[in-house]
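Worksheet for the structure shown next.
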Amino acid sequence: MNDNNYYLKKSKAVLREVRKSVIGKDDVICKVYMAIIVGGHVLLDDIPGVGKTTMAHAFANALGLKCNRVQFTPDVMPSDITGFSMYNRQTGKFEFKQGAAMCNLLLADEINRTSPKTQSALLQIMEEYRVTVDGETYDLPEPFMVIATQNPIGSIGTQKLPESQMDRFMVKLSMGYPSVEDEITIMKSRSENDKRKILSECVLDNGDIQAIKEVVSDIYVDDSIYEYVANIVDKTRHRENIIQGVSPRGSISIISMAKAEAFLRGNEYVLPSDIKNIAVETLAHRLITNVAGAAGNEAAKKEITDILRMIPVPKMQEK
(Lines give C-alpha, C1' and ligand atoms only; values in the text may rest on other atoms or scores of the structure.)
Protein backbone atom coordinates (compact mmCIF):
# COMPACT_ATOMS: atom_id res chain seq x y z
CA MET A 1 0.00 0.00 0.00
CA ASN A 2 2.98 2.29 0.60
CA ASP A 3 3.93 2.01 -3.08
CA ASN A 4 0.32 2.75 -3.99
CA ASN A 5 0.36 5.92 -1.88
CA TYR A 6 3.66 7.03 -3.40
CA TYR A 7 2.44 6.60 -6.96
CA LEU A 8 -0.93 8.11 -6.12
CA LYS A 9 0.87 11.25 -4.92
CA LYS A 10 2.91 11.25 -8.14
CA SER A 11 -0.30 10.95 -10.14
CA LYS A 12 -1.91 13.82 -8.28
CA ALA A 13 1.17 15.89 -9.11
CA VAL A 14 0.71 15.09 -12.82
CA LEU A 15 -2.92 16.21 -12.68
CA ARG A 16 -1.92 19.45 -10.95
CA GLU A 17 0.64 20.18 -13.65
CA VAL A 18 -1.83 19.59 -16.47
CA ARG A 19 -4.39 21.83 -14.76
CA LYS A 20 -1.90 24.70 -15.06
CA SER A 21 -2.31 24.53 -18.83
CA VAL A 22 -5.91 23.32 -19.09
CA ILE A 23 -8.33 25.32 -16.95
CA GLY A 24 -11.64 24.07 -15.63
CA LYS A 25 -11.69 20.59 -17.20
CA ASP A 26 -10.75 18.44 -14.21
CA ASP A 27 -13.00 15.49 -15.09
CA VAL A 28 -11.66 15.24 -18.63
CA ILE A 29 -8.07 15.58 -17.41
CA CYS A 30 -8.57 12.75 -14.91
CA LYS A 31 -10.09 10.44 -17.53
CA VAL A 32 -7.33 11.11 -20.04
CA TYR A 33 -4.76 10.28 -17.35
CA MET A 34 -6.69 7.14 -16.44
CA ALA A 35 -6.49 5.98 -20.05
CA ILE A 36 -2.76 6.71 -20.13
CA ILE A 37 -1.97 4.60 -17.06
CA VAL A 38 -3.82 1.59 -18.45
CA GLY A 39 -2.24 1.87 -21.89
CA GLY A 40 -5.31 3.10 -23.77
CA HIS A 41 -5.85 5.55 -26.59
CA VAL A 42 -7.99 8.68 -26.29
CA LEU A 43 -10.31 10.35 -28.79
CA LEU A 44 -11.16 13.99 -28.06
CA ASP A 45 -14.26 14.94 -30.00
CA ASP A 46 -15.03 18.63 -29.87
CA ILE A 47 -15.21 21.94 -31.68
CA PRO A 48 -11.93 23.73 -32.50
CA GLY A 49 -10.26 26.01 -29.99
CA VAL A 50 -11.31 24.50 -26.64
CA GLY A 51 -7.86 23.19 -25.66
CA LYS A 52 -7.64 19.64 -27.02
CA THR A 53 -4.13 20.07 -28.43
CA THR A 54 -2.99 22.03 -25.39
CA MET A 55 -4.04 19.19 -23.11
CA ALA A 56 -2.15 16.59 -25.13
CA HIS A 57 1.05 18.67 -24.99
CA ALA A 58 0.52 19.30 -21.27
CA PHE A 59 0.37 15.57 -20.57
CA ALA A 60 3.47 14.95 -22.68
CA ASN A 61 5.36 17.57 -20.67
CA ALA A 62 4.11 16.40 -17.26
CA LEU A 63 4.91 12.75 -18.03
CA GLY A 64 8.25 13.40 -19.68
CA LEU A 65 7.15 11.79 -22.95
CA LYS A 66 8.40 12.37 -26.46
CA CYS A 67 5.43 13.81 -28.33
CA ASN A 68 4.99 13.97 -32.11
CA ARG A 69 2.11 15.88 -33.65
CA VAL A 70 0.54 15.24 -37.03
CA GLN A 71 -1.97 17.67 -38.47
CA PHE A 72 -4.19 15.34 -40.48
CA THR A 73 -5.21 16.66 -43.88
CA PRO A 74 -6.31 14.85 -47.05
CA ASP A 75 -2.73 14.75 -48.37
CA VAL A 76 -1.17 13.06 -45.32
CA MET A 77 0.10 9.63 -46.41
CA PRO A 78 0.30 6.39 -44.40
CA SER A 79 4.10 6.51 -44.68
CA ASP A 80 4.05 9.83 -42.80
CA ILE A 81 2.76 7.84 -39.83
CA THR A 82 4.53 4.51 -40.17
CA GLY A 83 7.79 5.58 -41.80
CA PHE A 84 9.33 4.47 -45.09
CA SER A 85 12.43 2.92 -46.65
CA MET A 86 14.89 5.12 -48.56
CA TYR A 87 17.73 3.92 -50.73
CA ASN A 88 21.17 5.01 -49.56
CA ARG A 89 23.54 5.27 -52.53
CA GLN A 90 26.63 5.21 -50.33
CA THR A 91 25.79 1.91 -48.63
CA GLY A 92 23.76 0.43 -51.47
CA LYS A 93 21.01 -0.50 -49.00
CA PHE A 94 17.53 0.66 -48.10
CA GLU A 95 17.33 2.42 -44.74
CA PHE A 96 14.29 2.84 -42.54
CA LYS A 97 13.22 6.43 -41.96
CA GLN A 98 11.03 6.79 -38.90
CA GLY A 99 7.51 8.09 -39.19
CA ALA A 100 5.61 10.21 -36.68
CA ALA A 101 4.52 7.13 -34.71
CA MET A 102 8.04 6.60 -33.34
CA CYS A 103 7.37 8.44 -30.10
CA ASN A 104 5.65 7.97 -26.75
CA LEU A 105 2.62 10.13 -27.40
CA LEU A 106 1.29 10.59 -30.93
CA LEU A 107 -1.03 13.57 -31.20
CA ALA A 108 -3.24 12.94 -34.21
CA ASP A 109 -4.87 16.32 -34.76
CA GLU A 110 -8.20 16.40 -36.62
CA ILE A 111 -7.97 12.73 -37.50
CA ASN A 112 -11.29 12.77 -39.34
CA ARG A 113 -9.99 15.19 -41.98
CA THR A 114 -7.61 12.70 -43.59
CA SER A 115 -8.25 9.85 -46.02
CA PRO A 116 -9.52 6.42 -44.91
CA LYS A 117 -6.23 4.91 -46.17
CA THR A 118 -4.22 7.03 -43.76
CA GLN A 119 -6.68 6.43 -40.94
CA SER A 120 -6.30 2.68 -41.44
CA ALA A 121 -2.51 3.03 -41.10
CA LEU A 122 -3.14 3.75 -37.42
CA LEU A 123 -4.94 0.44 -36.83
CA GLN A 124 -1.87 -1.79 -36.47
CA ILE A 125 -0.10 0.94 -34.53
CA MET A 126 -2.91 1.35 -32.02
CA GLU A 127 -3.54 -2.37 -31.62
CA GLU A 128 -0.10 -3.96 -31.89
CA TYR A 129 2.24 -1.09 -30.91
CA ARG A 130 4.49 -1.72 -33.89
CA VAL A 131 4.82 -0.65 -37.50
CA THR A 132 5.58 -2.76 -40.56
CA VAL A 133 7.43 -1.22 -43.51
CA ASP A 134 8.49 -3.27 -46.55
CA GLY A 135 8.07 -6.50 -44.60
CA GLU A 136 10.15 -5.34 -41.64
CA THR A 137 8.49 -4.82 -38.26
CA TYR A 138 9.64 -2.16 -35.80
CA ASP A 139 8.46 -1.95 -32.19
CA LEU A 140 7.26 1.41 -30.95
CA PRO A 141 8.78 2.97 -27.81
CA GLU A 142 7.22 2.24 -24.43
CA PRO A 143 5.00 3.71 -23.28
CA PHE A 144 3.07 4.54 -26.43
CA MET A 145 -0.38 6.01 -26.85
CA VAL A 146 -2.44 7.99 -29.32
CA ILE A 147 -4.40 11.08 -28.39
CA ALA A 148 -6.52 11.91 -31.41
CA THR A 149 -8.70 14.96 -31.86
CA GLN A 150 -11.60 15.26 -34.22
CA ASN A 151 -14.07 17.97 -35.10
CA PRO A 152 -17.75 17.08 -34.81
CA ILE A 153 -19.19 15.04 -37.68
CA GLY A 154 -20.74 17.40 -40.21
CA SER A 155 -17.98 20.00 -39.99
CA ILE A 156 -16.57 21.01 -43.37
CA GLY A 157 -14.03 18.49 -44.69
CA THR A 158 -14.69 15.77 -42.11
CA GLN A 159 -15.59 12.14 -42.62
CA LYS A 160 -16.70 9.58 -40.09
CA LEU A 161 -14.08 7.23 -38.64
CA PRO A 162 -14.68 3.53 -39.40
CA GLU A 163 -16.17 1.46 -36.57
CA SER A 164 -13.03 -0.70 -36.38
CA GLN A 165 -10.94 2.35 -35.55
CA MET A 166 -13.45 3.84 -33.12
CA ASP A 167 -13.35 0.56 -31.20
CA ARG A 168 -9.60 0.94 -30.67
CA PHE A 169 -10.02 4.12 -28.65
CA MET A 170 -10.41 3.28 -25.00
CA VAL A 171 -12.41 6.44 -24.31
CA LYS A 172 -14.08 9.19 -26.26
CA LEU A 173 -14.24 12.50 -24.41
CA SER A 174 -15.54 15.99 -25.04
CA MET A 175 -14.15 19.08 -23.33
CA GLY A 176 -16.94 21.51 -24.15
CA TYR A 177 -16.97 25.26 -23.72
CA PRO A 178 -15.49 26.72 -20.52
CA SER A 179 -17.70 28.38 -17.94
CA VAL A 180 -17.78 32.18 -17.81
CA GLU A 181 -15.49 32.17 -14.76
CA ASP A 182 -13.02 29.79 -16.41
CA GLU A 183 -13.04 31.79 -19.63
CA ILE A 184 -12.13 34.93 -17.69
CA THR A 185 -9.24 33.03 -16.07
CA ILE A 186 -8.09 31.79 -19.48
CA MET A 187 -8.14 35.29 -20.97
CA LYS A 188 -6.19 36.71 -18.03
CA SER A 189 -3.57 33.98 -18.12
CA ARG A 190 -3.04 33.96 -21.89
CA SER A 191 -2.30 36.49 -24.55
CA GLU A 192 -1.56 36.33 -28.26
CA ASN A 193 2.16 36.65 -27.50
CA ASP A 194 2.41 33.62 -25.21
CA LYS A 195 -0.28 31.35 -26.67
CA ARG A 196 2.32 28.68 -27.46
CA LYS A 197 3.48 28.47 -23.86
CA ILE A 198 2.70 25.24 -22.03
CA LEU A 199 2.89 25.73 -18.27
CA SER A 200 3.12 22.05 -17.29
CA GLU A 201 6.48 20.70 -16.13
CA CYS A 202 7.79 17.14 -15.98
CA VAL A 203 7.00 15.30 -12.74
CA LEU A 204 7.26 11.66 -13.94
CA ASP A 205 9.63 9.55 -16.00
CA ASN A 206 9.16 6.32 -17.96
CA GLY A 207 10.04 4.21 -14.95
CA ASP A 208 7.33 5.83 -12.87
CA ILE A 209 4.76 5.37 -15.62
CA GLN A 210 5.51 1.67 -15.95
CA ALA A 211 5.38 1.22 -12.17
CA ILE A 212 2.01 3.00 -11.98
CA LYS A 213 0.69 0.73 -14.74
CA GLU A 214 1.68 -2.30 -12.68
CA VAL A 215 0.03 -0.90 -9.55
CA VAL A 216 -3.20 -0.23 -11.45
CA SER A 217 -3.10 -3.68 -13.03
CA ASP A 218 -3.08 -5.24 -9.54
CA ILE A 219 -6.29 -3.46 -8.46
CA TYR A 220 -8.75 -6.14 -7.34
CA VAL A 221 -11.93 -6.78 -9.34
CA ASP A 222 -14.60 -8.93 -7.71
CA ASP A 223 -16.48 -11.53 -9.75
CA SER A 224 -19.68 -9.60 -9.15
CA ILE A 225 -18.13 -6.61 -10.95
CA TYR A 226 -17.18 -8.77 -13.93
CA GLU A 227 -20.75 -10.05 -14.05
CA TYR A 228 -22.11 -6.50 -13.76
CA VAL A 229 -20.04 -5.35 -16.74
CA ALA A 230 -20.95 -8.44 -18.75
CA ASN A 231 -24.65 -7.76 -18.18
CA ILE A 232 -24.26 -4.11 -19.24
CA VAL A 233 -22.41 -5.05 -22.41
CA ASP A 234 -24.80 -7.88 -23.24
CA LYS A 235 -27.73 -5.50 -22.96
CA THR A 236 -26.22 -3.28 -25.66
CA ARG A 237 -26.46 -6.23 -28.05
CA HIS A 238 -30.20 -6.70 -27.58
CA ARG A 239 -31.62 -3.19 -27.66
CA GLU A 240 -34.13 -2.18 -30.31
CA ASN A 241 -32.41 1.13 -31.07
CA ILE A 242 -28.87 -0.31 -31.22
CA ILE A 243 -27.70 -1.80 -34.52
CA GLN A 244 -24.27 -2.86 -33.23
CA GLY A 245 -23.47 -3.37 -29.56
CA VAL A 246 -20.25 -3.25 -27.55
CA SER A 247 -17.47 -5.66 -28.46
CA PRO A 248 -15.41 -7.71 -25.97
CA ARG A 249 -12.70 -5.07 -26.40
CA GLY A 250 -15.17 -2.65 -24.80
CA SER A 251 -15.64 -4.98 -21.82
CA ILE A 252 -11.89 -5.14 -21.28
CA SER A 253 -11.60 -1.37 -21.61
CA ILE A 254 -14.24 -0.57 -19.00
CA ILE A 255 -12.59 -2.90 -16.48
CA SER A 256 -9.22 -1.26 -17.13
CA MET A 257 -10.65 2.24 -16.75
CA ALA A 258 -12.49 1.22 -13.57
CA LYS A 259 -9.19 0.01 -12.09
CA ALA A 260 -7.65 3.39 -12.86
CA GLU A 261 -10.65 5.12 -11.30
CA ALA A 262 -10.23 3.07 -8.13
CA PHE A 263 -6.51 3.85 -8.04
CA LEU A 264 -7.11 7.61 -8.22
CA ARG A 265 -9.65 7.26 -5.39
CA GLY A 266 -6.94 5.59 -3.29
CA ASN A 267 -8.63 2.18 -3.24
CA GLU A 268 -7.23 -1.24 -4.08
CA TYR A 269 -10.53 -2.62 -5.39
CA VAL A 270 -13.18 -1.64 -7.91
CA LEU A 271 -16.68 -0.58 -6.87
CA PRO A 272 -19.83 -0.48 -9.03
CA SER A 273 -19.66 3.32 -8.85
CA ASP A 274 -16.31 3.18 -10.66
CA ILE A 275 -18.01 1.36 -13.53
CA LYS A 276 -20.81 3.91 -13.66
CA ASN A 277 -18.44 6.87 -13.62
CA ILE A 278 -16.66 5.85 -16.81
CA ALA A 279 -19.29 3.74 -18.65
CA VAL A 280 -20.55 6.40 -21.06
CA GLU A 281 -17.08 7.60 -22.10
CA THR A 282 -15.83 4.02 -22.52
CA LEU A 283 -18.81 2.38 -24.22
CA ALA A 284 -20.99 4.90 -26.07
CA HIS A 285 -18.62 5.48 -29.01
CA ARG A 286 -18.60 1.74 -29.72
CA LEU A 287 -22.34 1.66 -30.40
CA ILE A 288 -24.08 2.06 -33.73
CA THR A 289 -27.61 3.30 -33.22
CA ASN A 290 -30.48 3.79 -35.66
CA VAL A 291 -30.06 7.56 -35.28
CA ALA A 292 -27.93 9.14 -38.00
CA GLY A 293 -25.44 12.00 -37.89
CA ALA A 294 -24.37 14.01 -34.87
CA ALA A 295 -27.58 13.07 -33.04
CA GLY A 296 -26.32 9.48 -33.05
CA ASN A 297 -23.66 10.38 -30.50
CA GLU A 298 -26.23 11.65 -28.03
CA ALA A 299 -28.47 8.67 -28.73
CA ALA A 300 -25.61 6.29 -27.92
CA LYS A 301 -24.89 8.08 -24.64
CA LYS A 302 -28.59 7.90 -23.71
CA GLU A 303 -28.66 4.17 -24.45
CA ILE A 304 -25.75 3.53 -22.08
CA THR A 305 -27.34 5.73 -19.40
CA ASP A 306 -30.65 3.87 -19.72
CA ILE A 307 -28.90 0.50 -19.52
CA LEU A 308 -27.09 1.53 -16.34
CA ARG A 309 -30.47 2.28 -14.76
CA MET A 310 -31.82 -1.12 -15.80
CA ILE A 311 -29.00 -3.44 -14.70
CA PRO A 312 -29.06 -4.32 -10.98
CA VAL A 313 -26.03 -2.98 -9.14
CA PRO A 314 -24.08 -5.64 -7.23
CA LYS A 315 -24.08 -5.16 -3.50
CA MET A 316 -20.57 -4.80 -2.17
CA GLN A 317 -19.27 -3.72 1.19
CA GLU A 318 -16.50 -1.16 1.01
CA LYS A 319 -13.39 -2.62 2.57
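Heavy-atom basis, side chains included; hydrogens, waters and symmetry copies ignored.
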Flag for Asn241-Thr289: side-chain donor and acceptor within less than 3.5 Å: no
Joint cluster assignment, Ile212 & Leu15, ILVMFWY side-chain distance < 4.5 Å: yes
Shortest non-hydrogen contact from Asp222 toward Ser224: OD2-OG, 2.7 Å
4.5 Å side-chain heavy-atom contact, Lys172 and Gln150: yes
From OG (Ser273) to CD (Glu261), nearest 0.5 Å: 7.0 Å
Atom pair CD/CG of Glu227 and Asp234 - distance to nearest 0.5 Å: 11.5 Å
Nearest-0.5 Å distance, NZ of residue Lys52 to OG1 of residue Thr54: 9.5 Å
Side-chain H-bond candidate by donor/acceptor type, Thr137 with Thr132, under 3.5 Å: yes
Joint cluster assignment, Val180 & Met187, ILVMFWY side-chain distance < 4.5 Å: yes
Modelled atom types, side-chain donor and acceptor of Asp182 and Ser179, under 3.5 Å: yes
Shortest non-hydrogen separation from Asn104 to Pro143 and the atoms involved: ND2-O, 2.9 Å
Flag side-chain contact, heavy atom, 4.5 Å: Met86 against Glu95: no
Exercise: identify the closest heavy-atom pair between Val233 and Arg237: CG1-NH2, 3.0 Å
Val313 to Pro272 - nearest heavy-atom pair and separation: CG1-CB, 3.4 Å
Min side-chain heavy-atom separation Leu122-Ile111 under 4.5 Å: yes
Could you list the donor-acceptor pairs under 3.5 angstrom formed by side chains in residues 29-38, with sequence neighbours left out?
{"from": "Lys31", "atom 1": "NZ", "to": "Asp27", "atom 2": "OD2", "distance (Å)": "3.2"}
{"from": "Lys31", "atom 1": "NZ", "to": "Asn277", "atom 2": "O", "distance (Å)": "3.1"}
{"from": "Lys31", "atom 1": "NZ", "to": "Glu281", "atom 2": "OE2", "distance (Å)": "2.8"}
{"from": "Tyr33", "atom 1": "OH", "to": "Ser11", "atom 2": "OG", "distance (Å)": "2.7"}

Nearest heavy atoms of Thr114 and Val76, plus distance in Å: OG1-O, 3.8 Å
Side chain to side chain, Tyr226 and Ile255, heavy atoms closer than 4.5 Å: yes
CZ-OG1 distance between Arg249 and Thr282, expressed to the nearest 0.5 angstrom: 14.0 Å
Val270-Ile311 co-clustered via ILVMFWY side chain contacts under 4.5 Å: yes
Polar contact flag, side-chain donor to acceptor under 3.5 angstrom, Arg286-Ser253: yes
For the student: nearest non-hydrogen atoms of His41 and Met126, plus distance: NE2-O, 2.8 Å
Ring geometry between Phe96 and Tyr138 (parallel below 30°, tilted from 30 to 60°, perpendicular above 60°): parallel
Asp274 side chain vs Leu271 backbone, donor-acceptor pair below 3.5 Å: yes
Residue pairs passing the ring pair (Phe, Tyr, Trp, His ring centres under 6.0 Å) test where at least one lies in residues 231-253, sequence neighbours excluded: none
Pairwise side-chain contact, Leu65 with Ile209, heavy-atom cut-off 4.5 Å (strictly under): yes
Joint hydrophobic cluster, Ile219 plus Ile252, side-chain heavy atoms closer than 4.5 Å: no
Residues that Ser174 engages under side chain to side chain donor-acceptor pair (under 3.5 Å), provided they are two or more places apart: Asp46
Hydrophobic cluster membership, Ile288 vs Met166, 4.5 Å side-chain cutoff: no
Validation row: Ser120, Gln165 side chains within 4.5 angstrom (heavy atoms): no
Atom pair CE/CG of Met145 and Leu63 - distance to nearest 0.5 Å: 9.0 Å
Asp45 side chain near Asn112 side chain, heavy-atom distance below 4.5 Å: no
Donor-acceptor side-chain pairing of Gln71 and Glu110 below 3.5 angstrom: yes
Side chains of Thr118 and Phe72 in contact at under 4.5 Å (non-hydrogen atoms): yes
